[in-house]
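Okay, structure first, notes after.
To find a chain, count down the sequence lines: A is the first, B the second, and so on, and within it residues start at 1.
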Amino acid sequence: MLDLKQIRKDSAAVQAKLNLRSGSYDLQPILDLDGQQRNLETERSQLQARSNEIGKLVGQTIKGGGDPKGPEVAALKTEGNEVKQKLGELEPRERELKVQINDLLLRLPNLPGDSAPEGENEEDNVEVSRWGDENKPTGEKLLPHWELGEKLGIFNFERSTKIAQSRFVTLLGAGAALERALISFMLDRQIAAGYTEVIPPYLVNSDSLTATGQLPKFAEDGFKCADDDLWLTPTAEVPLVNLYRDEIIDVDQLPIAHCAHTPCFRREAGSYGRDTRGLIRLHQFNKVELVKVVSPDTSEEEHEKLVRNAEEILEALKLPYRKVELCTGDLGFGAAKCYDLEVWLPSADTYREISSCSNCNDFQARRGNIRCKVPGKKGTQFVHTLNGSGLAVGRTMAAVLENYQQANGSVKIPEVLQPYMGGKEVI
RNA sequence: GGAGAGAUGGCAGAGUGGUUGAAUGCGCUUGUCUCGAAAACAAGUAUAGGGAAACCUAUCGGGGGUUCGAAUCCCCCUCUCUCCGCCA
């Protein structure tokens, strides 16, 4: 959420920043409602002050031996009733305005950071670095991972539709083992890098989704439980950030770094026909997520470190990848700055996103009221939150299958994973 | 699912209609004392909104109501705990 004070004070600059994003956003309705609300608030609080005064006067009069039924008290009560009636008109109007303003604010995306490259869409993203070109497999007929997987019998899409529907997968045998190996490997690496592992609830409530930014704007992307205010989590970012919602954290507790494996559930509304085959776009997928809660003045360097932690997984797996910085038009809703890591998929002859590492600065902290306190300093300030995939497990599996395939149709298991698969070297 | 109890400041814990934003203790900050520390003593110590400021307003789990006036009374909701039932 953006700071209403900043919008009020510097609306032109805020508007200009918003205009760099895709989609159009107009601050004027917020400014109008805000002006109305503040006028009402001034009026209301003056009446309230008089009402409080009357209450005290009545109390004093009676305590001082005055007649509770006397004319003096009666006059005050009459005035009190008049004030109350006026308040009864103003209060609901002001409350309604506040709700409207808040709803509009919740639908505004974060401002792109100053360093984010300007651009309209993913084509304007800037490649920052590239790694592992020499590992790219060469050969005549490189198969896509879904063909490799079906041939090896390690996963099955068709039967999954019986259990659920399309865009679900069932992993079998070595496929299940490989998925589990990847999860354990990724977690072990991140734990070694200093992240504390978390196993959070996989169902999250709407307050949590509002704090991280999925609600109210992206409700159609989530799976909601019909009888409860609970949703299947779309990413572990939601429970991990919300661990600290409505809390004031001592600054010496920061930075907080968590990693978690969770399944993630997404409706993928609006993506019909895209990536319909394979492990790339499913309604349920595993992900190891990295989340940091940091002090505002360290968020940039912590962000760089977090991206490195994700990159190290790809490098350990010897998977070719590149790192791109998202342009302002491609930036996610809550992000001020974002790096995507894209892994090489030889069958498609292209790089595909496998990790997205965002610095949300105080955007989520404001929505979730997550603050820190610097000892000796008055007041509190909002923390910064960072998140990144470390990595998307299904897509990693796809990349491993495609990049480690051999001419005879088998797939080598990356060296670092072999200990996690009982020493097995080939599928 | 059934029955009961509870939710107050960073923490513990008073407070059942009237100058209570809230006693007291702990914690924290500052000062006195001390070579220094501890102890003792004194003062201070919530958050948010509005206002140039003085200051005003809101907040005792959330929402609504009664009243001139609500932490306190009434209604609804949420959450926590205990017992019973069911259950991995």
Could you say whether D34(A) or R95(A) is positioned toward the 5' end of RNA chain B, judged by the nucleotide with the nearest heavy atom to each? D34(A)
Categorize E41(A) for me: base, sugar-phosphate, or nothing, with a 4.0 angstrom heavy-atom threshold over every strand shown.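 The answer is base, as E41(A) lies within the cut-off (heavy atoms under 4.0 Å) of a base atom.
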Counting the atoms with a prime plus P, OP1 and OP2 as sugar-phosphate, which does R371(A) contact under 4.0 Å by heavy atoms, base, sugar-phosphate, or nothing? sugar-phosphate
With rounding to the closest Å, how many angstrom separate the [atom1] atoms on [N] and [M]?
N: G31(B); M: C77(B); atom1: C1'; answer: 49 Å
N: C41(B); M: G18(B); atom1: C1'; answer: 36 Å
N: U72(B); M: G62(B); atom1: P; answer: 11 Å
N: U66(B); M: A14(B); atom1: P; answer: 32 Å
N: C26(B); M: U80(B); atom1: C1'; answer: 24 Å

Residue matched to U66(B) through Watson-Crick or wobble contacts both under 3.5 angstrom: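 U66(B) is unpaired by these criteria.
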Ion pair check, D221(A) and R266(A), cut-off under 4.0 Å: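 No, D221(A) and R266(A) are not salt-bridged.
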So, does R44(A) get its side chain near the phosphate of C56(B), meaning an N or O under 4.0 Å from OP1 or OP2?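 Negative; the distance criterion is not met.
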OP1 or OP2 of G50(B) versus the side-chain N and O atoms of R8(A): is any pair under 4.0 Å? yes
Apply side chain to side chain contact (heavy atoms under 4.5 Å, CB included) to V126(A) and V324(A), showing your working. CA-CA 5 Å; V126(A) 174; V324(A) 300; over 6 Å; no
With no hydrogens and no angle check, just 3.5 Å: does a side-chain donor-acceptor pair link Q28(A) and D32(A)? yes
